[in-house]
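Just so you know, ligand 1 is whichever comes first in the structure, and atom 1 is the first atom listed for that ligand. These numbers come from the heavy atoms of this one structure, side chains and all, not from hydrogens, waters or symmetry mates. Since we're looking at a predicted model, the values are computed, not measured. Here, residue 1 is the first one in the sequence, and each next residue gets the next number.
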Amino acid sequence: MPLYNLNTSISYLKGVGPNRADLLKTELGIHTFNDLLHFFPNRYIDRTQFFKINQLQQNSSEIQLIGKITNIKTVKQKRGSRLVATFRDETGFMELVWFRGIKWIKDSLKINIPYVIFGKVNYFNGVFSMAHPELELLESYKKSLRTAMQPIYSSTEKLTNKGVSNRLVSKMIQHLFEELGLKFKETLSKSIIDKLGLISKSEALFNIHFPKNQSLLTKAQQRLKFEELFFIQLQLIRKKIVRKAKIKGFNFEKVGEYFNNFYKNKLPFDLTNAQKKVLKEIRKDLGSNAQMNRLLQGDVGSGKTIVALLTMLIAIDNGYQAALMAPTEILATQHYNSLVELLEGMDVTIKLLTGSVKTKDRKVIHNQLELGELNILIGTHALIEDKVKFKNLGIAIIDEQHRFGVAQRSKLWEKNILPPHILVMTATPIPRTLAMSVYGDLDISVIDELPPGRKEVKTAHRYDANRLSVFKFLKDEIAKGHQVYIVYPLINESEAMDYKDLMDGYESISREFPLPKYQISIVHGKMKPADKEFEMQRFIKGETQIMVATTVIEVGVNIPNASVMVIESAERFGLSQLHQLRGRVGRGATQSFCILMTSFKLTSDAKTRLETMVNTSDGFKIAEVDLKLRGPGNLMGTQQSGVLNLRIADIVKDALLLKTARKSAIDLLTTDPRLKAPENIFIREAYQELSKNSTIWSNIS
Ligand code: ADP
Ligand code: MG
């Protein structure tokens, strides 16, 4: 038995000890030998090249030189002192400078012995210098297990302050390989390795830490990135397969009277082909004996609500109840009102449950639900409270799902002994690669077509200095009988500054658009729900022409007569938010406009966001740009997904590899669903190891 294995605590590694082990744990999450082995460098520096002092230039980056220290002196300065050493090679001299740890360094420096020094060069008063260089005696440099490409590991301020330098981390990893040897268990099958031309796990681990050259480094990265993505996909796809096999769903056998009656007599328009296609996919799921877990993606205004309604009618046809959950009270109320209107004259009972429903009325709803007297319940988070019990919930639909946490969503699963069918809808298009990673275990439907007759929203970027002409434009639109939104960033509803901006804006708009000719509504998060609803209703009924609001109106709100969306301080909004806001107009047949107001001061990212909005209204394109600008961790709905804590792969840059990984995982599970074949033994073992501490095992998404 070897003394150490991969699960050995990091504190046993030579050069670590209990104090550093604690630091490694808290700062980098490294607990075991294995963790350190998989702590990959985030960049590499080419150390094949040595410079001579007479080759130095004023703006060189990090470089290395060979030479000797010929003289050391301490120089007093305003506060404390600095240590200055003269460093010479055969072409000239330069200075090495230290400001901290002077005494210790002074004692350890050796005069007239060759050193390799490494660092960034400065130029001052005709002399080159290097502050706090990395120093190593040439003799030990030659002996060390060092390679041309020097790895740089990510670090934290605390680590640096406590002396855990990059050099020390490299040393630890060197000891690690000395203790463990160079052979590590393979985790992929021979056929995958051969087919994709990958190098072995052992080779990859060695070359990621000690790359012999660029080409081996690239191969090591390919191999480790593939492996990382492959196992995530394997988990997601297995999860889906297991769920389908294990979790029985209600079988909605028939499409009956409710559905057919509505479809034939009530539906106010023809469904688009995309809506029909999606509805077919949903119907197939509902009748398949397995539980449906489907993500419905559709750009703003693509008509998801009617799909939701038709789906709920199928549940009612089969004797089950349906629930529709929305993230805000405004949206839930709007859904309720429009469904009540659509279902008029049909024998469907439908109720609204939100935080502001009075206790007395709530009790009535609870009661009706349990007795099965209610067919459809619409609501906010109030829906998932424990008190809310259904007689037989058959389907739960979640609108704007990215607004809900995973925990909240999975609560819906528990509303029945057999989990209900689940349909989650999102209007924040997710780029394909991201969808594969974050929602890889859900079935995905896309409505990729807008209802006919929609005109693209004309979008313009205007500076605050042009405000007067914007006001003029708004007056013209209002004169045509149209309505206008003016939105302010209240990113954080509690921020006093934002709130003041909103109120100042409201006042100046009130002055510019005076009563009685103009009526203005205002809606923001600090208002009571009843007041919000009152103002909303005034706008919906057309009693007010202008709606001054914060982003509370961002999701879902549907008022077709509103034709202009003015977004104040547009530079402060993210792309998906801008897209959502713009989606509030262009819902009727008239030409609509979106005006993005900003100051002249714009960061380059802000410029890109504004240009993207002006140039396209394709939600998927916008999502791609957003992904590039912000990285996956910041996109809506991805935060809680452990899927994105990637060690080495990057779902934006490695999109192609991700597709390969997904395909490989699907192929594998198609031929060997339980990973029982002898040739897949390595994959099986690695998979089991991963599943032990997997973070992606949540119920939904
Ligand atoms: P979203 O997908 O953003 O939730 P909605 O469901 O709110 O979109 O639909 C937006 C508008 O389009 C609504 O007024 C709805 O009545 C209308 N609509 C939906 N489907 C169609 C269709 N097939 N033809 C015409 N109008 C439609
Ligand atoms: Mg909607």
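- The residue H335 has no part lying near ligand 1, judged by heavy-atom distances below 4.0 Å.
- Contacts between M425 and ligand 1 below 4.0 angstrom, taking non-hydrogen atoms only, are absent altogether.
- In this structure, the side chains of I595 and I567 stay at 4.5 Å or more apart for every pair of heavy atoms.
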message = For a side chain to side chain donor-acceptor pair (under 3.5 Å) check, start with the C-alpha distance between N273 and Q275, then their side-chain angles and the critical distance, and finish with the verdict.
response = CA-CA 5 Å; N273 286 330; Q275 285 169 319; over 6 Å; no
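- For ligand 1, the atoms closer than 4.0 angstrom to any heavy atom of T272 are 23 (N).
- Across the listed options K304, Q297, R584, K304 owns the non-hydrogen atom lying nearest to atom 1 (P) of ligand 1.
- Remark: ligand 1 atoms within the under-4.0 Å shell around heavy atoms of D270 are 22 (C), 23 (N), 24 (N).
- Residues N375 and Q321 form no side-chain contact, since every pair of their non-hydrogen atoms from C-beta on lies 4.5 Å or further apart.
- For ligand 1, the atoms sitting less than 4.0 Å from at least one non-hydrogen atom of R454 are 10 (C), 11 (C), 12 (O), 17 (C), numbered in the order shown with element in parentheses.
- Remark: of the listed residues L575, T459, D618, L575 is the sole one forming a side chain to side chain contact (heavy atoms under 4.5 Å, CB included) with T612.
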task = Quick one: do L267 and F269 satisfy side chain to side chain contact (heavy atoms under 4.5 Å, CB included)? Show the steps, please.
result = CA-CA 6 Å; L267 193 62; F269 37 68; 4.3 Å; yes
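- Distances below 4.0 Å separate heavy atoms of S302 from the following atoms of ligand 1: 2 (O), 8 (O).
- A donor-acceptor pair under 3.5 Å is formed between the side chain of T349 and the backbone N or O of E373.
- For ligand 1, the polar-atom distance check against P452 finds no nitrogen or oxygen pair separated by under 3.5 Å.
- Taking 4.0 Å as the cut-off, P560 does not count as a neighbour of ligand 1 on heavy-atom distance.
- Using a 3.5 Å distance cut-off with no hydrogens or angles, the side chains of Q291 and K248 do not pair a donor with an acceptor.
- Between F269 and ligand 1, a contact under 3.5 Å exists for no N or O pair.
- Those atoms of ligand 1 that come under 4.0 Å of a heavy atom in L271, given as number and element, are 23 (N).
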task = Could you give me the CA-CA distance, side-chain angles and deciding distance for I422 and I397, then say whether side chain to side chain contact (heavy atoms under 4.5 Å, CB included) is met?
result = CA-CA 6 Å; I422 305 273; I397 300 180; over 6 Å; no
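- Under a 4.0 Å criterion applied to the non-hydrogen atoms of T305, ligand 1 contributes the atoms 4 (O), 5 (P), 6 (O), 7 (O).
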